[in-house]
Amino acid sequence: MPKPIDLSALSLETRLALAGRDPARSEGAVNPAIHRASTLLFDDPDDLYGKPNKTYALEGMAVQEALRDALVAVEGGAGATLAPSGLGACTLALLTLAKDGGEMLVADSVYGPTRRFCDTMLRRFGVRTRYYDPRIGGDIAALITDQTCGIFLESPGSGAFELQDAPAIAAAARARGAPTVIDNTWSAGVYFKPFAHGIDLSVQALTKYQAGHSDAFMGAVLSATPEWDNRVRTAYKQLGLGAGPDDAYLVLRGMRTLLLRLERQGAAALEIARWLEAHPKVARVIHPALESHPDHAIWKRDFSGASGLFAFELQPGVSAERLRAMLQSLALFGMGFSWGGYESLIAPVNVNVTRTASRWAPAGETIRVSIGLENPADLRADLEQALDRLGWRRPSPRPHAF
Ligand SMILES: *Cc1c(COP(=O)(O)O)cnc(C)c1O
């Protein structure tokens with residue numbers, strides 16, 4: 001049987017094609033076997049207890065192991081732990097860090113359900129959350145106390161796409177011994193490498209780009225070191241979490257084309273973002289790769305590319321009925337949650353409903369789009385006819401200042 005391949009010296013494209021392939025655990029097949037298993041059988045009763053070997057299939061079989069290997073091959077780190085959803089990965093990371101009487105510092109721009117978890121369950125367990133301005137950078141040092149049990153970042157943030165100065169926050173955290181975790185879903189682990197910037201844990205909602213086909217839920221927590229990996233796995237086991245083999249297979253299969261999709265969708269998104277930026281009915285476009293983005297310098301310094309999710313704001317004064325009519329006129333953009341799939345999605349968003357530590361001042365209605373694999377000219381034409389329905393005679397003065 002061919003030997004497993006050392007991927008460390010190979011480029012990302014090659015790693016994505018080969019990661020997780022281990023002929024020994026797949027009977028020689030290119031792809032791992034799907035074991036639908038709970039019980040594992042042993043010949044020797046001594047193997048059932050107190051041994052490091054796997055004794056229960058909840059820990060994951062060949063396909064989950066292959067997926068974990070693939071995640072590490074893309075994003076780096078010492079190990080990955082799978083979770084039943086992206087939100088499950090966020091809460092697993094937070095529960096790994098939580099301490100009775102501790103305080104979690106959480107970016108004000110986090111994914112809404114992450115915030116809800118902090119405000120409800122973590123709080124009930126005696127862990128307070130203090131939200132900080134996502135643009136705080138190294139000034140986070142002033143918020144770190146002996147009670148700080150973790151610092152949670154998300155960059156770019158959900159809704160308004162602020163970029164965080166992750167190296168500065170990680171350096172301040174390390175100086176005080178505070179652990180850091182980043183929700184790195186937007187970059188898919190491809191365009192931003194948290195561990196190279198001093199972050200301890202990275203969360204991926206694999207439901208998005210890794211699965212890529214809008215047909216599975218999964219998440220992962222990646223760890224910078226074996227010690228962190230061990231802590232996350234221990235929490236995982238204590239919580240009784242697992243990830244099913246069929247969904248793990250779908251996510252691994254999606255990852256084979258991850259880079260192709262990201263590059264195509266990212267390029268189409270940037271093209272559409274630039275076109276929207278010049279459209280008279282659009283007040284501003286919020287896309288980290290645009291020169292007009294207030295944190296563009298951080299994107300240029302820390303990111304190697306951009307995915308296909310961004311937002312734009314309409315000129316002020318659009319009535320709710322007009323907005324509804326505009327959204328309902330779209331033929332190619334589906335309206336719904338999630339993103340990162342092969343199909344384009346659109347949703348109106350209200351950034352400020354979940355903010356307490358920072359204010360976001362939108363020019364007008366904010367609309368988030370996830371660009372799929374359709375032809376960008378077709379998507380542009382669809383958006384154009386929709387924007388035409390807004391029906392202003394005179395556009396407001398441009399450009400709108402941040
Ligand atoms: C979607 C999303 C999640 C949650 O992923 P699910 O698999 O839908 O639970 C977490 N973080 C971010 C930034 C997301 O966009």
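Both ligands and their constituent atoms are indexed starting at 1 by order of listing. Residue numbers start at 1 and run along the sequence shown.
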Exercise. Would you call Glu13 and Arg256 a salt bridge, using N to O less than 4.0 angstrom?
Worked result: no
Exercise. Are the charged groups of Arg355 and Glu162 less than 4.0 angstrom apart, N to O?
Worked result: yes
Exercise. So, is Ser158 polar-close to ligand 1, with some N/O to N/O distance under 3.5 Å?
Worked result: no
Exercise. Of the protein's non-hydrogen atoms, which lies at the shortest distance from atom 15 (O) of ligand 1, and what is that distance?
Worked result: Lys208 NZ, 2.7 Å
Exercise. Quick check, are the ring centers of Tyr191 and Trp186 under 6.0 angstrom apart?
Worked result: no
For this session: Enumerate the atoms of ligand 1 whose separation from the nearest heavy atom of Gly86 is less than 4.0 angstrom.
Result: 4 (C), 5 (O), 6 (P), 7 (O), 9 (O)
Exercise. Under the 6.0 Å and 45° cation-pi test, does Arg261 pair with Tyr342?
Worked result: no
Exercise. What atoms of ligand 1 come closer than 4.0 angstrom to any heavy atom of Thr207?
Worked result: 6 (P), 7 (O)
Seminar exercise, completed: Under 4.0 Å from one or more heavy atoms of Trp339, ligand 1 contributes atoms 15 (O)
Exercise. Taking the six-membered ring of Tyr111 as reference, does the NZ or CZ atom of Lys208 fall below 6.0 Å from its centre and within a 45° cone about the axis?
Worked result: yes
For this session: Check each atom of ligand 1 against the heavy atoms of Leu87 and keep those under 4.0 Å away; list them by number with element.
Result: 4 (C), 5 (O), 6 (P), 9 (O)
Problem set entry | ligand 1-proximal atoms of Trp186, by part, heavy-atom distance under 4.0 Å | neither
For this session: Scan side-chain atoms only and decide if Asp119 and Tyr131 contain a donor-acceptor pair under the 3.5 Å cut-off.
Result: yes
For this session: Nearest 0.5 Å please: distance from the OG1 atom of Thr356 over to the CZ atom of Arg130.
Result: 11.5 Å
Exercise. Counting heavy atoms only, which of Thr185, Val110, Asp183 comes nearest to atom 11 (N) of ligand 1?
Worked result: Asp183
Exercise. Do any nitrogen or oxygen atoms of Glu154 come within less than 3.5 Å of a nitrogen or oxygen of ligand 1?
Worked result: no
